[in-house]
Each structure stands twice: as C-alpha cells, then as structure tokens.
**Q** 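What follows is a single structure, and I will ask about it in a moment.
Treat the numbers as computed from the prediction; the structure is a model and nothing was measured.
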Amino acid sequence: MEKSTVQVFHAEEIIQKEGETYQEMFKVLSGSVALYNRYGEKDEFLIGIYSKSKCFGEMNILTGEPSLYTVVAYDEVLAMRITRESMEEFVRSNPRNAIDIMQNLTHTVKVMQKNIDLLLDDIYEKQNVNKVRTEEIKRKIMQYSISGLHI
C-alpha cells in the first residue's frame with residue numbers, strides 16, 4: 001500500500017492506551033501484541049494476544065471513539081499503520097483484510113459480553129439478588145450495549 005507506513009515496536013512498549021482516541025489501526029506483520037483492559041491495574045484483564053496478520057485498533061477508525069483496550073508489544077513487533085484515509089485502499093488491496101477486521105471486532109464483542117456476564121454473576125452473588133431480577137438486568141445491559149455500538 002502506498003499510503004501506509006511500517007512501524008517497529010519493542011517488547012513491552014505501549015502502542016495504544018485504553019480510553020485514548022486514535023485515528024489509526026495496525027496490522028501485525030511480525031511479532032505479537034497483547035490486548036488488555038485496565039492494563040497495569042490490579043484487576044488487569046488480558047483480552048488476547050494477536051500475531052502475524054491480525055489487526056487491532058479498527059474500532060478507532062470506524063467509530064472515532066476512545067480505544068476499548070490497551071495494546072502492548074509482546075515482543076518486537078513490525079506493524080503496518082493504517083489511517084482513516086488509507087482504510088479503503090487497505091481493504092481494496094486485499095479483501096482478506098476486511099474479514100480479519102470483522103473477526104477481530106467479533107472477538108472483542110464476545111470478550112466484552114463474557115466480561116458483562118461475569119460482572120453480573122458477581123453482582124448476583126454479592127447482593128443476593130433473585131435470579132429473575134438478574135436476568136432482567138442482563139437483558140437491559142445487552143440492549144444498551146448492542147444499541148450503543150456506533151459502527
């Protein structure tokens with residue numbers, strides 16, 4: 001791709017931070033990155049490790065909203081930087097890129113849904129709420145979390 005750039009990130013280098021806004025995404029060319037929620041905090045949660053050909057940061061380009069996770073280089077990483085302006089060329093140059101982006105988005109949604117379920121289970125245990133009420137809360141959260149996606 002003519003408009004893309006390739007960047008090198010060293011092990012443990014933070015590439016993107018949860019809660020910050022970026023106008024770019026990356027495709028891993030070599031090495032691996034780790035995706036976290038609450039990186040560096042006591043309740044840090046590893047979302048996954050992405051390696052060659054996986055993309056991250058796609059929500060940044062598609063929504064313009066802050067990142068949902070922190071991305072850290074797991075080892076030395078070579079990554080292609082894709083901006084909002086070069087996104088169309090990125091997909092057109094290799095349609096497989098669109099499938100990779102969709103798979104990453106699906107993975108992120110599944111992990112977030114699992115986190116919501118675990119949180120609700122924790123609330124249920126700690127507050128001794130009856131099961132019917134917990135199911136109502138789950139349905140409402142799902143309604144808002146799905147409709148809240150601005151893609």
Side-chain angles (χ1 to χ4, degrees), residues 1-124 135 137-151:
M1 285 182 35
E2 290 178 23
K3 296 179 184 175
S4 66
T5 58
V6 175
Q7 290 183 246
V8 176
F9 299 98
H10 303 287
E12 299 184 28
E13 183 176 347
I14 294 175
I15 301 169
Q16 293 185 339
K17 283 187 176 182
E18 180 177 353
E20 293 189 11
T21 304
Y22 299 91
Q23 298 300 313
E24 61 194 5
M25 63 174 275
F26 292 90
K27 180 173 183 171
V28 178
L29 302 176
S30 67
S32 302
V33 297
L35 284 67
Y36 294 93
N37 280 126
R38 298 186 172 137
Y39 179 71
E41 298 177 24
K42 71 175 186 167
D43 54 349
E44 169 181 291
F45 181 80
L46 176 66
I47 296 171
I49 296 177
Y50 290 177
S51 56
K52 187 176 180 180
S53 82
K54 293 295 182 185
C55 298
F56 62 89
E58 61 280 350
M59 283 193 191
N60 300 330
I61 289 180
L62 297 172
T63 68
E65 294 182 12
S67 182
L68 297 174
Y69 44 74
T70 295
V71 181
V72 180
Y74 189 74
D75 48 20
E76 186 156 307
V77 174
L78 186 63
M80 179 189 306
R81 179 178 177 266
I82 299 103
T83 63
R84 192 174 281 231
E85 295 76 29
S86 63
M87 178 71 149
E88 189 174 329
E89 180 186 355
F90 175 69
V91 171
R92 192 176 28 238
S93 70
N94 182 356
R96 176 68 202 181
N97 289 330
I99 293 170
D100 291 340
I101 290 169
M102 288 186 286
Q103 286 176 331
N104 290 350
L105 289 170
T106 301
H107 177 260
T108 300
V109 169
K110 285 171 58 177
V111 168
M112 299 254 176
Q113 180 55 52
K114 184 66 177 169
N115 287 344
I116 289 170
D117 289 342
L118 291 171
L119 177 60
L120 288 172
D121 289 345
D122 194 36
I123 290 170
Y124 174 73
E135 292 303 318
I137 293 169
K138 279 185 181 181
R139 279 193 297 280
K140 283 188 178 188
I141 288 175
M142 282 304 301
Q143 173 188 353
Y144 292 113
S145 64
I146 299 300
S147 66
L149 294 176
H150 304 287
I151 297 176

**Q** Which distance, rounded to the nearest 0.5 Å, do you find between the CD1 of I47 and the OH of Y69?
**A**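 Here the interatomic distance stands at 7.0 Å.
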**Q** Would you please name every residue forming a salt bridge (charged side-chain N to carboxylate O under 4.0 Å, His left out) with R92, sequence neighbours left out?
**A**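 Once residues adjacent in sequence are excluded, the partners of R92 under the salt bridge (charged side-chain N to carboxylate O under 4.0 Å, His left out) criterion are E88.
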**Q** Are any of the side-chain heavy atoms of V71 and Y22 separated by less than 4.5 Å?
**A**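 Result no, sub-4.5 Å side-chain heavy-atom pair not found.
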**Q** How long is the span from the CD1 atom in I82 to the OG1 atom in T5, to the nearest 0.5 Å?
**A**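 The distance works out to 8.5 Å.
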**Q** Mind listing the closest non-hydrogen atom pair of I101 and C55 along with its distance?
**A**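 The answer is CG1-SG, 4.3 Å.
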**Q** Listing request: all salt bridge (charged side-chain N to carboxylate O under 4.0 Å, His left out) pairs with a residue in residues 94-109, at least two apart in sequence or in separate chains.
**A**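 The answer is R96-D100.
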**Q** Going by salt bridge (charged side-chain N to carboxylate O under 4.0 Å, His left out), name the residues that satisfy it together with E24, two or more places apart in sequence or in a different chain.
**A**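 In terms of salt bridge (charged side-chain N to carboxylate O under 4.0 Å, His left out), with neighbours along the sequence ignored, E24 is linked to R81.
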**Q** Determine whether a donor-acceptor pair (N or O, by modelled atom type, separation under 3.5 Å) exists between the side chain of S93 and the backbone of E89.
**A**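 It does hold such a pair.
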**Q** Let me confirm one number: the CD-OG1 distance from Q103 to T106, rounded to the nearest 0.5 Å.
**A**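 Reported value, rounded in 0.5 Å steps: 7.5 Å.
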**Q** Taking distance alone, no hydrogens or angles, what donor-acceptor pairs closer than 3.5 Å link side-chain atoms of residues 7-14 to residues at least two apart or in another chain?
**A**
| unit_1 | atom_1 | unit_2 | atom_2 | d |
| --- | --- | --- | --- | --- |
| E13 | OE1 | H10 | N | 2.9 |

**Q** Sequence neighbours left out, what passes side-chain hydrogen bond (donor to acceptor under 3.5 Å, both in side chains) with Y50? Give chain and number order.
**A**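 With neighbours one apart ignored, the set is H107.
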**Q** Hey, could you give me the CG/CD distance between N60 and Q23, rounded to the nearest 0.5 Å?
**A**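 Between atom CG of N60 and atom CD of Q23 there are 8.0 Å.
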**Q** Extract all donor-acceptor atom pairs below 3.5 Å that involve side chains of residues 25-46 and protein atoms in other chains or at least two apart in sequence.
**A**
| unit_1 | atom_1 | unit_2 | atom_2 | d |
| --- | --- | --- | --- | --- |
| K27 | NZ | N97 | OD1 | 2.6 |
| N37 | ND2 | L68 | O | 2.7 |
| R38 | NH1 | D43 | OD2 | 3.2 |
| E44 | OE1 | G40 | N | 2.7 |

